[in-house]
Amino acid sequence: MVIRGRSDRLPGRTSVCYLRRMTNQHRSYDPQDIEKRWQAKWRESKAFAGDGSGEPFYILEMFPYPSGNLHMGHVRNYTIGDVFARFHKMQGRDVLHPMGWDSLGLPAENQAIKEKIAPQIRTPKNIKQMKEQMERLGLAYDWSREIATYRPDYYRWNQWFFVKLLEKDLVYRRQNTVNWCPGCNTVLANEQVLDDATCWRGHKGVTTRSIPEWAFRITSYAEELLADLDKLSAWPERIVSQQRHWIGKSFGARVEFPLQGSDKKVEVFTTRVDTIFGCTYVVLAPEHPLTDLIATDEQRGAVEAFVEKTRAIDAIERTAEGAPKEGVFTGATAKNPYTGEVVPVWIANFVLADYGTGAVMSVPAHDQRDFEFASKFDIPIKPVIHPSDGTDLPSPQCEAFTDDGVLRDSGEFSGLTSADAREKMSAFASTNGFGEATVNWHLRDWGFSRQRYWGTPIPIIYCDDHGAVPVPEEDLPVVLPDFDTIELTGEGGAPLGKLPSFYQTKCPTCGKTARREVDTMDTFVDSAWYFARFLSPELDTAPFDQEAAKRWLPVDVYVGGPEHAVMHLLYFRFWTKAMRDLGLLSIDEPVTRLITQGMVNAAAFSCPSHGYFPVSEMLAKPEGERNCPKCNEPLGVAIEKMSKSKYNGVDPMSLIERYGADTTRLYVLFAAPPEKDLEWNPDSVEGLSRFASRIFRVAQAQGDEVRTAELPKSMAGLKGADAEIRRALHRTLAKVTHEVGVRNHFNTAIAAMMELINTFYERKLHEGSALNPGVRREALLTLAQMLAPFAPHLAEEIWSLGGGEGLVAQSRWPEPDPEALERRTLNLVVQINGKLRAQLEVPVDADEDAIDAIAQADENVAKFLEGKIIRKRVFVPGRLVNYVVG
RNA sequence: GCGAGCGUGGCGGAAUUGGCAGACGCGCUGGAUUUAGGAUCCAGUGGACACAGUCCGUGUGGGUUCGAGUCCCUCCGCUCGCACCA
């Protein structure tokens, strides 16, 4: 027998111990050996492929971008999912637990540019390495369902969906404003633009530009996406609320202001039409189509300069809180249709072209932003709403009055309340044909064209005679050309646009020479429907099998990071509804229960002037000497999200090498409940490693008689320690079953098992013992089963040491024996005026009077009751009795 | 500014429906074992005091209740998200 581990450190000195262990057939806990053995067994027996029997259970974790290496965030995400998968499999469900690769997109393209290695070659290598790491962590995936979005057999279905959605008018072409770098001559993602309008490759002067793009009409589902949030009762409240805000339904009115000296009108959207008699100017977004047309000759120069200036600044920065409110008068004026008043038309940086109508009516008396702008440019402020309590607004106002109130100086609407006025004034606008009550949404359509190489080609052919013609279904997929045929530099627009062999084609309708679309799709398209592809990953006649969808969908549990709260999960929901309306599905929502796990944080050391320094180096030094290597100032310590740039990351593979996969898994599950942030603490890991060793030691200490002993069927004949052990075992089983199955609190489940092990040690199970072998065997087997979702390799080892049949991973989760859970006495608390005065062991069947007698007989209770009158007795069965005395 | 969430020992956390605050783990203290260290095992560990017990204690101040970490209100602090949204 191989002896390894800690006892090997000083082989010469430990020979006595060594021999004793040899004779007792004891090994110390060696996770590396145990884990590799069981991983091989699982692999050989395809232990986690579904067998088609039992209630279906679909557990899905957000699939990763295959960077090649797992990080602690992945470990946490996938371990949580794995507990669900393994637990529900043991509960007898037919578990679907697949994994795949979100393998198109910008990171891979950038890596390809840098390394000059084709992503087609790099991606499978990364996938292979990451998959090995996942197997080393003991994750129970059904690898026969693996998918990778970079493969044409996956992305052809993106193209197929595109064509179907185009037929349904859920895809259309539009102009959109994007970040543009003149240096690279290309479009940039927000993340590629740094703060000061510098691009990621160092060019200054990033600006914006309007380009044509394809968009999904997600807004036509806005109402349903909002309403169905109510169905997501098993989603975190936080995520639902974020989605609600993002969809952003607001009720208001659309009002037309005719331009003076022109037949054009400025259309504004407002939620406060009740304030319109106080409107003293109108403001357009710089990108508003009317901007160019209406500027008068003397103002044209100023307007053009202003538009140019704002365009050079990224929209986020321009509209940030505290950014100065800039604007310029166009020279034009417009007529307020309610008052007939003529007001000036301005252009300002804070008005957004793509929200509402891109134009606002400004009421400085009742909107703080308008108030500041009017004050700065000396525009009149005209109050028309006064507080409902009849008080007057201060004159002059020092800030806007933004509450609802009562209208004054508002013609026939004077005297109405704001709420009444909004209704009546919208109706007035419709009657007179210059506006209407309307609903406005924050949600905008999903533009998905990307001027990139490493994405799904958009299957469209542009013909001079027939316009944009979709590629016929039988010609799909449009495959990405080989990497070595293109020149990938990150400059000069869409890479496919430089490859005539790709874009030169014939019109599917008339056969004339035509040009392919050279843009590719956003990778959010891939992840919008991947959950359905897992159902039938190899099907080549449809994106997924509809029968399988009926069986498996919706996904029962979806686990991932809260950073995807809005975009991914909204697109995911949208696509599900779109698939339903294509007749492919009958569900409205993709996921029943969503679990968003917290970040993995760790201490990070930083110097205010020299940035971050590696944690490992700093921890190696004594506490007082952790100073900046450059300036020798003491370094600050803060708990921050693990990241490369902060040098505070922990490599999961080195953890597994040192402690094993089981300890690593136990640690991430024990340190915090799934939805909370987890703070990395190297000392705590030791505690979990100790727990694993203690379990192993108990199993090792049992002799051969245990392996074949007959299991107890009831409490009959069990006394003393035997009965105590069996009761503790079944109580733990009931607790773990509830914590995992109902509450999804894995940390408390592990704590319960720790308590059980402590009980085992109290009864000397770790030293061998004279206890009933059947009780000991049951303890071993049941512990192995409870442990199986958390520390699956150790669980298999314990199962096998206890003479369990087959794999514990495929065993049936045990039921606690009700007889073992039964208690004859229970602990009852006695309070006097709400303060704890005694704890009593009372028979479970004792009634109120009996308990009253026992309680009053207690010395300490009697002491506090002496000379007092009991005014009231509160009796909570099974918990406490409280005497209210005076 | 808006929205959401969170404040419990030296630390991570537990307390399921309003009913024993601090389970479990880390750390620390003491003991056993050991030539020693490590490892392991056992015991203790919220604070104070007149120490078999009592009093105080879940960010602050108030309220509801026989009883509040839990429910309501006020203030303070922290974290995350965001879009000056008309």
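Below, chain A is the first sequence line, B the second, and so on; all start at residue 1.
Comparing C85(B) with C73(B), their P atoms sit 26 Å apart, to the nearest whole Å. The same atom, C1', is picked in C11(B) and in C80(B); the two are 23 Å apart, to the nearest Å. As rounded to the nearest Å, G22(B) and G69(B) have P atoms that lie 12 Å from one another. Between C55(B) and G67(B), the two P atoms lie 16 Å apart (nearest whole Å). Nucleotides G13(B) and A23(B) place their C1' atoms 10 Å apart, quoted to the nearest Å. For G44(B) and U64(B), the C1' atoms lie 40 Å apart once the distance is rounded to whole Å. Separating the P atom of C71(B) from that of C6(B) is a span of 9 Å, rounded to the nearest Å. Across the C1' atoms, A15(B) and G9(B) are found 15 Å apart, a figure rounded to whole Å.
Looking at RNA chain B, the stems built from 3 or more consecutive Watson-Crick or G-U wobble pairs, each pair with its key distances under 3.5 Å, are B:1-7 with B:76-82, B:10-12 with B:24-26, B:27-32 with B:40-45, B:46-49 with B:53-56, B:61-63 with B:71-73.
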Handout entry: Reading 5' to 3' through nucleotides 10-18 of chain B, protein heavy-atom contacts under 4.0 Å coded B for base, S for sugar-phosphate only, - for none
Key = --BSSSB--
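Residue R694(A) holds its CZ atom at 5.0 Å from CG of N758(A), rounded to the nearest 0.5 Å. Annotation: the span from I381(A) atom CD1 to S362(A) atom OG amounts to 11.5 Å, rounded to 0.5 Å. If you take CD1 on I385(A) and CG on D274(A), they are separated by 4.5 Å, rounding to the nearest 0.5 Å.
Residues R879(A) and L826(A) form no side-chain contact, since every pair of their non-hydrogen atoms from C-beta on lies 4.5 Å or further apart. The closest side-chain heavy-atom distance from V351(A) to H288(A) is not below 4.5 Å. Within the 4.5 Å cutoff, no side-chain heavy atoms of L678(A) are placed close to those of M72(A).
Toward the 5′ end of RNA chain B lies the nearest nucleotide of Q839(A), the other residue of the pair Q839(A) and T270(A) mapping further downstream. Each of I247(A) and G358(A) lies near RNA chain B, and the nucleotide nearest I247(A) is the one positioned closer to the 5' end.
As rounded to whole Å, 11 Å separates atom P of A86(B) from atom CZ of R422(A). Atom CG of L352(A) is separated from atom C1' of C82(B) by 13 Å (rounded to the nearest Å). Rounded to whole Å, the distance from CG on L443(A) to P on C82(B) is 16 Å. With rounding to whole Å, D367(A) atom CG is found 9 Å from C84(B) atom C1'. As rounded to whole Å, 10 Å separates atom P of A86(B) from atom CZ of R272(A). Taking atom CG of residue D370(A) and atom P of nucleotide G1(B), one finds them 19 Å apart after rounding to whole Å. In this entry the distance linking NZ of K376(A) with C1' of C84(B) reads 14 Å, nearest Å. Look at CG on D274(A): it is 13 Å from P on A86(B), rounded to the nearest Å.
In this view, D662(A) satisfies the salt bridge (charged side-chain N to carboxylate O under 4.0 Å, His left out) rule with no residue, not counting sequence neighbours. Applying the salt bridge (charged side-chain N to carboxylate O under 4.0 Å, His left out) criterion to R871(A), with sequence neighbours excluded, gives no partner residue. Partners of E767(A) under the salt bridge (charged side-chain N to carboxylate O under 4.0 Å, His left out) rule, at least two apart in sequence or in another chain, do not exist in this structure. For D445(A), there are no salt bridge (charged side-chain N to carboxylate O under 4.0 Å, His left out) partners two or more places apart in sequence or in a different chain.
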Pairs: protein N or O with nucleotides 3-5 of chain B N or O, under 3.5 Å:
residue : atom : partner : partner atom : Å
G3(B)   : O2'  : H245(A) : ND1          : 3.3

Give every pair of a protein N or O atom and an N or O atom of nucleotides 62-72 of chain B that lie under 3.5 Å apart, one pair per line with the distance.
residue : atom : partner : partner atom : Å
C66(B)  : O2   : N882(A) : ND2          : 2.5

Please produce a list of atom pairs where a protein N or O lies less than 3.5 Å from an N or O of nucleotides 41-51 of chain B.
residue : atom : partner : partner atom : Å
C41(B)  : OP1  : R694(A) : NH1          : 2.7

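With its glycosidic angle more than 90° from 0, G63(B) is assigned anti.
The backbone N or O of V363(A) lies less than 3.5 Å from no partner atom in the side chain of T275(A), so there is not a single donor-acceptor pair. Checked by atom type and distance alone, the side chain of T271(A) never pairs as donor or acceptor with a backbone atom of G252(A) at under 3.5 Å. Side chain of R254(A) to main chain of G435(A): no donor-acceptor pair is present (N/O by atom type, distance under 3.5 Å, no hydrogens or angles). Judged purely by atom type and a 3.5 angstrom limit, K676(A) has no side-chain atom pairing as donor or acceptor with the backbone of G598(A). Between the side chain of D677(A) and the backbone N or O of M599(A) there is at least one donor-acceptor pair closer than 3.5 Å.
OP1 or OP2 of C85(B) has not a single side-chain nitrogen or oxygen of R444(A) nearer than 4.0 Å.
Within the structure, every pair that satisfies the ring-ring contact (aromatic ring centres under 6.0 Å, His included) test and touches residues 354-375 of chain A, not counting sequence neighbours, is listed here: Y281(A)-F373(A), W346(A)-F373(A), F350(A)-F373(A), F373(A)-F377(A). Listed by first and then second residue, the ring-ring contact (aromatic ring centres under 6.0 Å, His included) pairs involving residues 671-693 of chain A are Y667(A)-W680(A) (not counting sequence neighbours). Residue pairs meeting the side-chain hydrogen bond (donor to acceptor under 3.5 Å, both in side chains) criterion with at least one partner in residues 831-841 of chain A, sequence neighbours excluded, are T825(A)-E841(A).
Of the candidates U54(B), C85(B), A86(B), U54(B) carries the atom nearest the F864(A) side chain, counting heavy atoms from C-beta on.
As judged by a 4.0 angstrom heavy-atom cut-off over every strand, R254(A) is placed among residues making no nucleic acid contact.
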